[in-house]
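Hydrogens, waters and symmetry mates are skipped; everything else that's a heavy atom, side chains included, is used.
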Amino acid sequence: MSDARTITRAIFSDPSHLSWTGRVVGAVVALIGLVLAIGGAWLAVLGGSLYYLVTGVAMVGAGVLLVRGRTLGGWLYLAIVVLTFLWAWWEVGANAWAQVPRIIAPVVLLVAVLAAMATMSVRRERWRFALAGVLAAVAITGVDLAVAAAGQPDWVQGALPAPGTQGMADPSGQQTGADWPSYGGTGSARRYSPLAQINASNVGSLKRAWLIHTGDMPSSPRIAKTYGAENTPLKIGDSLYLCTPKNILIALNAATGEQRWRYDPNVPDKAIPYTAACRGVVYYAVPGMAANQPCATRVIEGTLDARLIAVDARSGRPCSDFGTNGQADIKQGMGQVPAGYVSINSPPTLVRGILVVDHQVLDGQDRWAPSGVIQGFDARTGKLRWAWDMMHPEWNGYPPAGQEWARGTPNMWTMASGDEQLGLVYLPMGNAAADYYSSLRRPEENQFATSLVALDVTTGKPRWRFQAVRKDVWDYDFGAQATLVDYKGVPAMVLPSKQGDIYILDRRTGRPLTPVGEIKAAQIGVEPQQRAATQPVSLWHTLRKRDLTERDMWGMSPIDQMVCRIQFREASYKGFFTPPEADRHSIEYPGYNGGTDWGGIAVDPQRGVIVANYNDMPNYVRLVPRAEANKRGWQPRDQARGKIGGAEGAGDPQAHTPYAIDVNAGWQLPFTGMLCKQPPYGGIRAIDMATGKTIWDRPLGEARTNGPFGIPSMLPITIGTPNNGGSVVTAGGLIFVAAATDNLIRAIDLRTGKTLWKDVLPAGGQATPITYEIGGTQYLVIYAGGHHFMKTPIGDEVVAYALPS
């Protein structure tokens, strides 16, 4: 008994040697421990990990001892760190990024504790002891992370098919190589070039050939929050054709970048929806017109204020024979259209002389927003040839007098693809207005929403549809262009989705050529009777990873990792297709940015390889009851809201439904900006199309521009960042892609997935590059315009690369 009292007095009695360093460090340790103990208790009550509660209590004890000048507090904290290392390996194993928030902050604090212990010692060797301890802690941490990183698989799973094993004819009648005549390379959207001058053996020598500024920069900081160029130029003959975020058309010398002409349609700022973006233009050679006639060849674009513009490809002057003075208004017949509600971001699809025109309807504003009608215009005259309003299939043109196209119907905001031979255009359809509430939708909307719809381009009537989500309340609209291929002798298409599923369909009938299955889906949320008991999924290939668990939560330290764990435990999460709720958050995984978004996929038709860059992030979602939304001032943009830009769904009113929607895109913590899910957040994968097997899979994007509180870490370490924009694959065995948030463009070895070359862009590279040949030189070109949603720097540069002469 007396021995126990002696030990107690030794630990808690007044110390013989106090130091201010020990007191300060001890107070910090105790404070952090208190936070962990309180949060850990909360997490434990929710059924989560006990680590934070136990560690927090132990740290409080260690901190109190240090404040009182007892070196035992330091030894206790050292034991906590040792046990934390063991716990980290038990919980996440050989996953270096998962270990980072578990061990880095505790080790940094250990360095301070060791220094404090040195000041509390009267021994002459105290600083030698402290320095040795610091070096040991750093070395052990480095070895731990190195071993964890080495233990992760490199994902090489199969051999690359040999060139020539999959010869595929292109039904568009176009070809790449010298040119890049269409947004996706050709109308088949393969994003493939047969050029091989730049190849795996010499790409490391690639240099900038020229750089130009378009001059289209935001007019104010507020407008800067909307800019995201997303542009892929076209190359025809000796010219490049591009459009800027506010639809300025520019023609450049393809060899030098020198501007040939420029046409500004004067789009007002008020027309900008969430994003000022012009993804591309259309080049059209009018059959039967003499080459020397004005507008015999023309460049056509859609604008943010919903006009079709046609200009002479040689001079940039408006085509007087197109619409009215070179313009056609697609809003005719839509009724009331507030500014910014209807915009054209993607190039129309040209099939058999018909411009199939889609448009974006501003998300989340009003259940009865303007119509998602699809329209077909004559590419020569600009006159409406047909319109498809799913609620009025009997109408062939504009609505009868006094009527308008049905409001709130699903729209198609992304790129379609077309088959010249079959006369079909393939529409990746979005959702009905008010993405996250379905009870007010009509049967026709439920039939065509989140579907790939094939229209007869001569009549505008649907031939077939393939639906990927039933009664979608996740904003899982099809965002990517379908890619036309031959699959085992059948004319087919590869169709990627935001959910990460990849389907192959017979493009004549829509019949799946690869297995499609059903999974059980939760029938919960505010409309359980609306939720389907099962949802379709691809059994052939998916980019989607396993369901999330509490162990997947991340952060910059144990504290914010604990906060993410608490949020995970408090949220509704039943795996894939968890419906949104009103009384608590729900987790949507994958989030609405993909899987695959508007960047689409690339296909090497000679090797039969699909290249897909993808996102791997959840959203944190909550339906907000109308009374609460009104109290917060969430009103449609044309009413009280009044501001533009920002992430879609972050406080959208969904007027004329019972609920607004609040989406935390990527599930970010409010203070640090760190994401709650552990990396990687994006990757790139090569897939053998013959088998559906993964050849390799790699994280895409470095940590150099990412960090807590928005501070760039500048670490050239591959973490796998969010990405938007597509890739290009070449006969030279290379993949060219930017897309990630690290502001890099890179060349990746198609065989191994290894990065062979990279360059820092002057702004974000959220666009798909192109490659072409002129004067015997192969060029790589990308529009570096940045993106507000991806939080990359805004710019106006077009950059070209080539091998040194």
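Taking each heavy atom of Met415 and Pro347 in turn, the nearest pair found is CG-CD, 4.0 Å. When all heavy atoms of Ile735 and Ser727 are compared, the closest pair comes out as CG2-CB, 3.8 Å. Ala229 and Gly785 get closest at one heavy-atom pair: CB-CA, 4.0 Å. When every heavy atom of Val453 is checked against every heavy atom of Pro462, the shortest pair comes out as CG1-CB, 4.3 Å. The two residues Leu761 and Ala738 have their closest heavy-atom pair at CD1-CB, 4.2 Å. For the residue pair Glu230 and Ala767, the shortest heavy atom distance occurs at C-CB, 3.9 Å.
With contacts defined as side-chain heavy-atom distances shorter than 4.5 Å, the pair Thr741/Asn743 does not qualify. Leu780 has its side chain within reach of Ile745: a pair of non-hydrogen atoms, C-beta onward, lies under 4.5 Å apart. For the pair Asn253 and Asp238, the minimum side-chain heavy-atom distance is 4.5 Å or more. Between Val798 and Asn231, the closest side-chain pair of non-hydrogen atoms is not below 4.5 Å. Put simply, the side chain of Val603 does not reach to within 4.5 Å of the side chain of Tyr192, judged on heavy atoms. Counting only heavy atoms from C-beta outward, the side chains of Asn411 and Asp358 never approach each other to under 4.5 Å. Between Asp170 and Met168, every side-chain heavy-atom pair lies at or beyond the 4.5 Å cut-off. The closest side-chain heavy-atom distance from Tyr283 to Trp180 is not below 4.5 Å.
The cationic group of Arg279 lies under 6.0 Å from the six-membered ring centre of Trp598 and within 45° of the ring axis, placing it in a cation-pi geometry.
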For Leu249 and Val281: C-alpha separation, side-chain torsions, deciding distance, then whether side chain to side chain contact (heavy atoms under 4.5 Å, CB included) applies. CA-CA 9 Å; Leu249 289 168; Val281 300; 3.6 Å; yes
When you look at Tyr476 and Tyr592, which way does the ring-ring contact (aromatic ring centres under 6.0 Å, His included) test go after all the steps? CA-CA 6 Å; Tyr476 277 159; Tyr592 63 42; 9.3 Å; no
Does Val516 form a side chain to side chain contact (heavy atoms under 4.5 Å, CB included) with Tyr503? I'd like the steps, not just the answer. CA-CA 8 Å; Val516 177; Tyr503 305 93; 3.8 Å; yes
Yes or no on side-chain hydrogen bond (donor to acceptor under 3.5 Å, both in side chains) for Arg314 and Thr297, after CA distance, side-chain angles and deciding distance? CA-CA 8 Å; Arg314 293 172 298 176; Thr297 56; 4.8 Å; no
Between Leu750 and Leu734, does a side chain to side chain contact (heavy atoms under 4.5 Å, CB included) hold up when you go through it step by step? CA-CA 5 Å; Leu750 181 62; Leu734 296 174; over 6 Å; no
Please step through side chain to side chain contact (heavy atoms under 4.5 Å, CB included) for the pair Val485 and Thr483, ending with a clear verdict. CA-CA 6 Å; Val485 298; Thr483 296; 4.1 Å; yes
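Between Trp386 and Phe377, the distance separating the two ring centers is not shorter than 6.0 angstrom. A ring-centre distance under 6.0 Å is found for Trp757 and Tyr801.
Of the possible donor and acceptor atoms, one in the side chain of Asn199 sits under 3.5 Å from a partner among the backbone N and O of Ala196. Here the side chain of Thr730 pairs a donor or acceptor atom with the backbone of Gly732 at under 3.5 angstrom. Here the side chain of Arg190 pairs a donor or acceptor atom with the backbone of Leu484 at under 3.5 angstrom. Checked by atom type and distance alone, the side chain of Asp506 never pairs as donor or acceptor with a backbone atom of Ala492 at under 3.5 Å. Of the possible polar contacts, one joining the Tyr426 side chain to the Arg507 backbone as a donor-acceptor pair under 3.5 Å is found. In this structure a side-chain-to-backbone donor-acceptor pair under 3.5 Å is present from His787 to Phe789. A side-chain donor-acceptor contact under 3.5 Å links Gln481 to the backbone of Ala416. In this structure, the side chain of Arg352 engages the main chain of Glu420 through a donor-acceptor pair within 3.5 Å. Although no hydrogens or angles enter the test, the distance criterion places a donor-acceptor pair under 3.5 Å between the side chain of Ser497 and the main chain of Asp501. A distance-only check finds a donor-acceptor pair linking the side chain of Asp378 to the backbone of Thr381 [under 3.5 Å].
Sorted by first then second residue, the side chain to side chain donor-acceptor pair (under 3.5 Å) pairs that include residues 768-777, not counting sequence neighbours, are Thr771-Gln778.
No side-chain donor from either of Ser343 and His359 sits under 3.5 Å from a side-chain acceptor of the other. Side-chain contact, Asp216 with Thr244: a donor N or O sits under 3.5 Å from an acceptor N or O. Side-chain N/O atoms of Thr792 and Gln766 include a donor and acceptor closer than 3.5 Å. Looking only at atom types and distance, the side chain of Asp742 has no donor-acceptor partner in the side chain of Thr721 under 3.5 Å away.
Here the CG atom belonging to Leu252 is positioned 9.5 Å from the OG1 atom belonging to Thr214, to the nearest 0.5 angstrom. From Ser451, atom OG reaches atom CE of Met429 across 8.0 Å, with rounding to the nearest 0.5 Å. Between atom CG of residue Leu304 and atom SG of residue Cys278 there is a gap of 7.5 Å, rounded to the nearest 0.5 Å.
Classification of Asp312 and Arg298 as a salt-bridged pair fails, no side-chain N sitting under 4.0 Å from a carboxylate O. Salt-bridge formation is detected for the pair Glu702/Lys758: a Lys NZ or Arg NE/NH1/NH2 atom is positioned less than 4.0 Å from an Asp or Glu carboxylate oxygen. Ion pairing of Arg463 with Asp456 is present here, as a side-chain N (NZ or NE/NH1/NH2) and a carboxylate O approach within less than 4.0 Å.
Note: Trp540 and Tyr487 have perpendicular aromatic rings, judged against thresholds of 30 and 60 degrees for the angle between ring planes.
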Cut-off 3.5 Å, no hydrogens considered: what does the side-chain donor-acceptor table look like for residues 683-692, sequence neighbours left out?
from, atom 1, to, atom 2, distance (Å)
Arg685, NE, Asp697, OD2, 3.0
Arg685, NH1, His541, NE2, 3.0
Arg685, NH1, Thr542, O, 3.0
Arg685, NH2, Asp697, OD2, 2.9
Asp688, OD1, Ala690, N, 3.0
Thr691, OG1, Lys693, N, 3.1

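Within 6.0 Å of CZ in Arg544 there are more than 12 heavy atoms belonging to other residues, nucleotides or ligands.
Of the candidates Leu513, Thr514, Leu495, Leu505 forms a side chain to side chain contact (heavy atoms under 4.5 Å, CB included) with just one, namely Leu495.
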